[in-house]
Number of protein chains: 2
Amino acid sequence: MTFSIGILSRRAGVKVPTIRYYEQVGLMPSPPRTDGQQRRYGDAEVARLNFIRHARELGFEVDAIRELLAMSAQPEESCAEVDRLARRHLAEVEQRITRLIALRTELQRMVTECGHGRVGECRVIQVLADHGECDHDHGGGRPGSTGFAEA
Amino acid sequence: MTFSIGILSRRAGVKVPTIRYYEQVGLMPSPPRTDGQQRRYGDAEVARLNFIRHARELGFEVDAIRELLAMSAQPEESCAEVDRLARRHLAEVEQRITRLIALRTELQRMVTECGHGRVGECRVIQVLADHGECDHDHGGGRPGSTGFAEA
DNA sequence: CCTACAAGCTCTAGCGACTAGAGGATCAAG
DNA sequence: CTTGATCCTCTAGTCGCTAGAGCTTGTAGG
């Protein structure tokens, strides 16, 4: 009926220290303890932890999960807020994708233009040194040392 | 000829505390100081800081930038290592994109399936509660409370 | 009943790349 | 010479864990 944190860990696929961390930040309840102060859990906690894990895998932040959990405890309420949270997160993910795709394009251009010669002519280094070469190639970054200060 | 950290900050588009942080972690040199211990920089530092900023914008980690800077100081060396670093980073970016697109798909499905009714029937909550509903929809998550423990 | 020892406990510190703030010194312009 | 913007160092906080020290507890076998 009740079980230890290690069992809970295996059942929900969340590491033991992470469960304790979730308790600390208020995602998981403070469970009852044995006489020796060891935590005892039940099936409800497995469900809750699965919910948390899945939400984390989808990239929801701990604050958002706290809200989602609070809302899910009110099944009669309108789910407009839940929807809003999920949409906002979706928008963030889409923004990250957009930015990463721009990065990928830039990195691809850098590596395909690298002539595999010496560092002095390396496009990768040139593009990094001169931001102006980033979006449009206006030809001929000067070869040679970049002339940086040394750390 | 030489200028303060604030001027360097404006010229390179990097905040003052970030410049000091870069000095601390060895990306920027320890510059000469005035009698009153204030840092003085020259144009080489503007170039170096621009390089760092651009590399950060492309998502290179500080460790990678340290290596890139070291390599760029050796223009006669082969750029194979530079190339390797850039390609590895590109591969990481591509992986992140792949994962984020999977997340986006899942989130889109969640929000489009939400009927905008009560929380008890909300698909967003249901999918989060039951990982099994994630990749393939086998119909009819039971409505009602999720039955979690409370935090 | 006793002994191992796995698993639990608390507490602190570390990751990466900054950011914020306190509390004080210095520099440049008027 | 005064004002006030800028600079200095230092510590601590962010986020979501993860690692480790040093100790206690639970449980299974003998």
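Hydrogens, waters and symmetry mates are skipped; everything else that's a heavy atom, side chains included, is used.
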Polar atom pairs (N or O), protein with nucleotides 27-30 of chain C, under 3.5 Å:
| residue | atom | partner | partner atom | Å |
| --- | --- | --- | --- | --- |
| C/dC27 | OP1 | B/Thr34 | OG1 | 2.9 |
| C/dC27 | OP1 | B/Gly36 | N | 3.0 |

For D/dG16, take OP1 and OP2 only and decide whether either is under 4.0 Å from a side-chain N or O of A/Tyr22.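 It does not, given that no N or O in the side chain of A/Tyr22 lies less than 4.0 Å from OP1 or OP2 of D/dG16.
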Return the value, rounded to whole Å, for the distance between atom [atom1] of [X] and atom [atom2] of [N].
| X | N | atom1 | atom2 | value |
| --- | --- | --- | --- | --- |
| B/Glu61 | C/dC18 | CD | C1' | 14 Å |
| A/Tyr21 | D/dC15 | OH | C1' | 6 Å |
| A/Glu23 | D/dG16 | CD | C1' | 16 Å |
| B/Gln24 | C/dC15 | CD | C1' | 15 Å |
| B/Arg39 | C/dA25 | CZ | C1' | 14 Å |
| B/Ile52 | C/dC18 | CD1 | C1' | 14 Å |
| B/Arg56 | C/dA17 | CZ | C1' | 6 Å |
| B/Leu27 | C/dG16 | CG | C1' | 12 Å |

B/Arg20 side chain, from C-beta outward: closest of D/dT9, D/dG16, C/dC18: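 From the listed options, D/dT9 comes nearest.
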Could you check whether any side-chain heavy atom of A/Arg39 comes within less than 4.5 Å of a side-chain heavy atom of A/Arg33, counting everything from C-beta outward?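 Contact flag for A/Arg39/A/Arg33 side chains = yes.
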Do the non-hydrogen side-chain atoms of B/Glu113 and B/Gln126 ever get within less than 4.5 Å of each other?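 Side-chain contact under 4.5 Å: no.
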Okay, side chain of [X], backbone of [Y]: is any donor-acceptor separation there less than 3.5 Å?
| X | Y | result |
| --- | --- | --- |
| A/Arg53 | A/Ala12 | yes |
| B/Ser9 | B/Ile5 | no |
| A/Gln74 | A/Met71 | no |

DNA chain D contacts among residues 4-19 of chain A, heavy-atom distance under 4.0 Å: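 Those residues are A/Lys15, A/Thr18.
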Check this for me: does any side-chain nitrogen of one of [X] and [Y] sit under 4.0 Å from a carboxylate oxygen of the other?
| X | Y | answer |
| --- | --- | --- |
| A/Glu106 | A/Arg109 | yes |
| B/Arg48 | B/Glu45 | no |
| B/Arg20 | B/Glu23 | no |

B/Arg11 to B/Phe3 six-membered ring, cation-pi geometry met (6.0 Å, 45°):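 Flagged: B/Arg11 positioned over aromatic ring of B/Phe3.
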